[in-house]
Student: 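Attaching a single structure in structure tokens format; questions to follow.
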Amino acid sequence: MSSAEIRNRFLAHFEARGHTVVPSASLLLDDPNLLFVNAGMVPFKPYFLGQETPPFQRATSVQKCVRTLDIEEVGKTTRHGTFFQMNGNFSFGDYFKEGAIQYAWELITNAQADGGFGFDPDKIWVTVLPDDAEARDAWKRIAGLPEERIQPRGLKDNYWNMGVPGPGGPCSEIYVDRGPEFGPDGGPEADEDRFLEIWNLVFMQEELSAVRAKDDFDIAGPLPSRNIDTGMGLERVAYLLQDKHNMYEIDTIFPVIEKAMELSGKKYGAAGPNNTAGHLDDVRFRVVADHVRSSLMLIGDGVTPGNEGRGYVLRRLLRRAVRNMRLLGYQDPSLPELLPVSRDKMGESYPELVSGWDRIAQVAYAEEEAFRKTLQAGTQIFDLAAGEVKEAGASTIPGDKAFALHDTFGFPIDLTLEMAAEAGLSVDERGFRQLMAEQRERAKADARAKKGQHADTAVYRDILDANGPTEWLAYETLETESRPLALLREGAAVPVLGGGEIGELVLDRTPFYAESGGQVADAGVIEFEGGTVEVLDVQRPVRGLVVHQVRVVDGELPADARLLHAKVDPQWRIGARQAHSGTHIVHAALREVLGPTALQSGSYNRPGYLRLDFGWLNALSPEQVREIEQVSNNALRADLPVGWQYMTLGEAKDWGAIALFGETYDDQKVRVVEIGGPWSRELCGGTHVEHSSQVGTVVVTGEASVGSGNRRIEALTGVEGFAYLARERDVVGQLSTLLKTQPGDLVGRVGDLVERLKQTEKEMERIRLAQLLSGGAALADGATDVNGVRLVAQRLDGAGGGDVRTLATDVRARLAGDAPAVVVLVGAADGKAAIVAALNDAAQARGLAAGDLVRAAAPFLDGKGGGKADLAQGGGTDVTRIDEALAAVTAAVAQG
Ligand code: ATP
Ligand code: MG
């Protein structure tokens with residue numbers, strides 16, 4: 001049975017049982033606790049947490065998932081992909097354990113001819129929480145499972161929670177016995193490879209008040225309404241129903257392995273099908289196929305490679321895929337060969353992979369190119385490190401070098417190990433792993449710091465429940481009369497907010513725009529009888545509720561103030577509208593100039609200023625920037641009408657409206673803003689001007705990189721734009737006066753000046769050197785006799801390392817003759833000491849060595865150094881004891 005058919009059957013089964021089919025959310029769904037969506041329930045979280053009321057009581061979905069923690073398992077177990085699809089059915093206060101078990105059992109055991117998956121009931125095992133008698137009984141009664149195939153398993157495996165206070169409950173997992181040839185008897189408790197987990201049923205029935213670990217939490221009591229959340233691995237079911245030995249061999253993944261075989265000339269499966277622990281090459285093939293597919297899906301949802309967060313995961317997946325192809329013996333660019341194969345398979349279920357292909361391919365191929373360059377550069381760094389180790393007479397590459405190669409150059413440790421072995425060296429792997437562990441700790445601490453945000457919203461949810469959503473008038477008016485509904489200070493209700501104090505105010509209705517879609521919140525005031533508060537920020541912490549952060553500037557604000565007057569600053573608002581419309585205009589101009597693959601990945605705008613981040617690999621040329629500015633201003637001059645309307649997400653897409661990656665939209669009602677008809681159509685909730693000419697002007701002020709594959713363009717709008725140009729004009733005016741020239745000649749004039757300055761600096765350097773060297777004769781004349789050696793040991797203030805070296809060899813040449821001669825000079829400049837020792841042949845014949853003399857002096861300079869017998873140098877950071885350093889040299893010469 002094909003993967004597509006498994007997916008269709010799953011959805012049809014639950015749709016026929018009253019479930020609403022919900023399309024997969026983006027992998028990048030906004031969730032402060034997650035890098036990627038990692039389970040089918042994630043998009044439904046607000047319903048399970050009680051933050052929002054679900055529009056349905058039953059739902060079913062096939063959700064795209066990425067689990068980064070499973071990356072090390074890929075190819076080694078039979079069942080872990082970094083990307084996979086989770087089939088799920090959900091009940092919100094509707095059916096519970098019995099219903100979930102009934103529906104699951106029907107689907108897996110109904111004959112294939114009847115729309116089921118047709119698993120042999122005798123091969124099914126389940127696990128339940130030991131004291132969950134209800135689930136155990138249901139399995140016996142509904143499925144007729146015998147006692148011995150219902151295994152009890154503890155909290156670690158069979159209790160589900162979100163890691164934060166909120167809902168929790170026991171699970172029941174469904175396993176399929178693949179047969180005795182795959183492992184010992186004894187059910188999932190004994191062997192999870194032979195007994196394959198396909199489906200997890202979660203019964204949310206308790207409210208947790210504290211969660212310390214998976215198996216350590218406090219139960220506050222039963223949930224008022226009990227829920228069902230289930231997850232069935234689509235790829236796992238596919239591998240069983242397609243009679244394969246692991247998930248990498250199914251219809252949607254194996255073609256990549258086939259292509260990799262063709263490219264590398266190696267054979268997959270040479271180790272025999274049962275060798276799941278893995279013939280190395282087989283694991284490599286599977287890693288390649290898995291990572292290529294995951295990368296495709298991630299780029300499809302808008303991720304670009306980078307050095308942190310989501311971007312880093314993608315980078316790692318792409319590079320591991322490329323690296324494993326190299327290990328399979330294929331050295332040429334491999335993604336252009338493999339990625340299209342994956343697209344052809346996944347595109348059936350995810351048409352956006354086909355429509356967005358140009359952009360996806362561009363991002364992936366560029367990353368492979370970059371990695372190839374990295375490998376080249378990294379190889380040079382490695383050679384350097386290896387050289388140093390050898391020169392120092394050691395045989396181990398230090399851990400921090402290996403870590404730097406990995407961290408800075410993306411050089412995988414296995415590559416470092418391999419190359420070290422080739423060079424006859426070892427690597428301090430322990431040191432490396434230690435540094436890696438420290439880095440992971442830091443990352444985990446970051447992640448922990450992000451947790452616990454659910455709890456904070458509870459107080460807002462209560463306000464929302466008590467009063468309903470805020471009547472939001474930002475599109476209609478700038479002023480309203482309002483009633484206060486809640487007054488908070490530091491998260492708690494207060495009866496009054498005193499003069500100068502900052503708190504949060506919730507109104508029944510408000511004209512203030514709450515920050516969203518890149519547009520900052522409105523500024524303004526709220527007046528009440530006897531005083532005024534200034535609005536500092538406006539947010540929507542839970543959907544439907546607008547919260548004003550305010551500071552009391554006059555009087556005292558009582559929580560029960562009778563009538564308030566909310567007033568948005570009209571100047572602020574017009575600036576904000578100009579900037580937001582300006583953002584859409586620059587975006588459209590960008591796409592006109594660069595092509596449709598330039599897509600916004602984020603934006604920010606406030607009165608007078610906008611910035612827009614977009615996926616693009618190279619720096620824009622000055623010509624491109626100028627053209628974008630020109631196209632934008634032409635659109636202003638054309639005085640295009642700006643309008644907006646509501647429609648369904650589907651209609652908006654048909655219209656060609658641009659939706660932002662990673663944003664969640666209400667399918668039924670989205671707002672589309674258009675400028676000049678189809679020229680610019682975007683999903684947007686912001687406030688806009690009515691005609692493009694009202695933006696005033698668009699002045700592009702910058703273009704820069706913000707992480708790999710992402711650029712940022714910044715611009716000013718309205719009077720801010722004019723003010724910027726006026727300032728530039730002033731600067732040009734002042735410069736022209738200063739240089740006594742016309743603005744048009746300014747560039748030539750400054751160019752001349754710079755050239756002359758360069759010449760002058762060169763000349764000065766020549767004179768300085770001549771002067772320094774002329775001191776050489778005097779130094780040579782001042783040589784003293786120490787134990788038959790002519791010794792010059794002198795301090796040179798203002799001389800750096802290069803000068804000291806030049807002078808030392810010059811003085812040595814002046815002390816020509818057969819007698820032993822030693823020159824030691826210590827320069828002091830900018831708080832640093834530089835020492836050079838130069839010896840002639842006769843001095844070396846006496847057993848003196850320049851390196852020894854430098855080493856004798858260095859400790860007094862708080863530094864180090866060394867070199868050969870004829871010439872050595874060093875440096876230090878202490879210039880207060882140079883005399884002692886020179887005395888030490890003299891003493892060494894006297895002894896030698
Ligand atoms: P396992 O112990 O096998 O890693 P899990 O307990 O982590 O599985 P759940 O979190 O219960 O799995 O996820 C629900 C279902 O999703 C599983 O029953 C399985 O079918 C599927 N699944 C989970 N992780 C993966 C993965 N990395 N690749 C493919 N399918 C997966
Ligand atoms: Mg797992």
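Nothing here was measured: the structure is a model prediction, and the numbers come from that model. In each ligand, atom 1 is the first atom listed, and ligand 1 is the first ligand listed.
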Student: Quick one: ring pair (Phe, Tyr, Trp, His ring centres under 6.0 Å) partners of Tyr350, sequence neighbours excluded?
Tutor: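 Expected list: none.
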Student: Taking heavy atoms and a distance under 4.0 Å, where does Arg236 meet ligand 1: side chain, backbone, both or neither?
Tutor: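 Looking at Arg236 and ligand 1, just side chain atoms fall under 4.0 Å.
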Student: Between Glu367 and Arg319 (salt bridge meaning N to carboxylate O under 4.0 Å), is one present in this structure?
Tutor: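 Salt bridge between Glu367 and Arg319, a charged N being under 4.0 Å from a carboxylate O: yes.
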Student: Within the structure provided, determine whether Met232 and Met86 are in side-chain contact (heavy-atom separation under 4.5 Å).
Tutor: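 No, their side chains stay 4.5 Å or more apart.
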Student: With atoms numbered from 1 as shown, which atoms in ligand 1 lie under 4.0 angstrom from a non-hydrogen atom of Met86?
Tutor: 13 (O), 14 (C), 16 (O)
Student: Ligand 1 versus Ile198, non-hydrogen atoms closer than 4.0 Å: side chain, backbone, both, neither?
Tutor: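 It is the backbone that gets close, since no side chain atom is under 4.0 Å.
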Student: Measuring only between side-chain heavy atoms, which start at C-beta, is Tyr330 closer than 4.5 Å to Glu337?
Tutor: yes
Student: Any N or O of Gly81 that comes nearer than 3.5 Å to an N or O of ligand 1?
Tutor: yes
Student: Numbering the atoms of ligand 1 from 1, which are under 4.0 Å from a heavy atom of Trp199?
Tutor: 18 (O)
Student: For atom 29 (C) of ligand 1, which of the options Arg79, Met232, Glu235, Glu192 provides the nearest non-hydrogen atom?
Tutor: Arg79
Student: Are Phe117 and Trp199 near enough that their ring centres are under 6.0 Å apart?
Tutor: no
Student: Give a yes/no on ligand 1: does Arg67 have at least one heavy atom closer than 4.0 angstrom to it?
Tutor: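 Contact present.
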Student: Taking N or O atoms only and a 3.5 Å limit, does Gly233 qualify as a polar contact for ligand 1?
Tutor: yes
Student: Check this for me, if you would: do Glu352 and Lys64 make a salt bridge, where the nitrogen-to-carboxylate-oxygen distance has to be below 4.0 angstrom?
Tutor: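 Between Lys64 and Glu352 there is a salt bridge, with a charged N closer than 4.0 Å to a carboxylate O.
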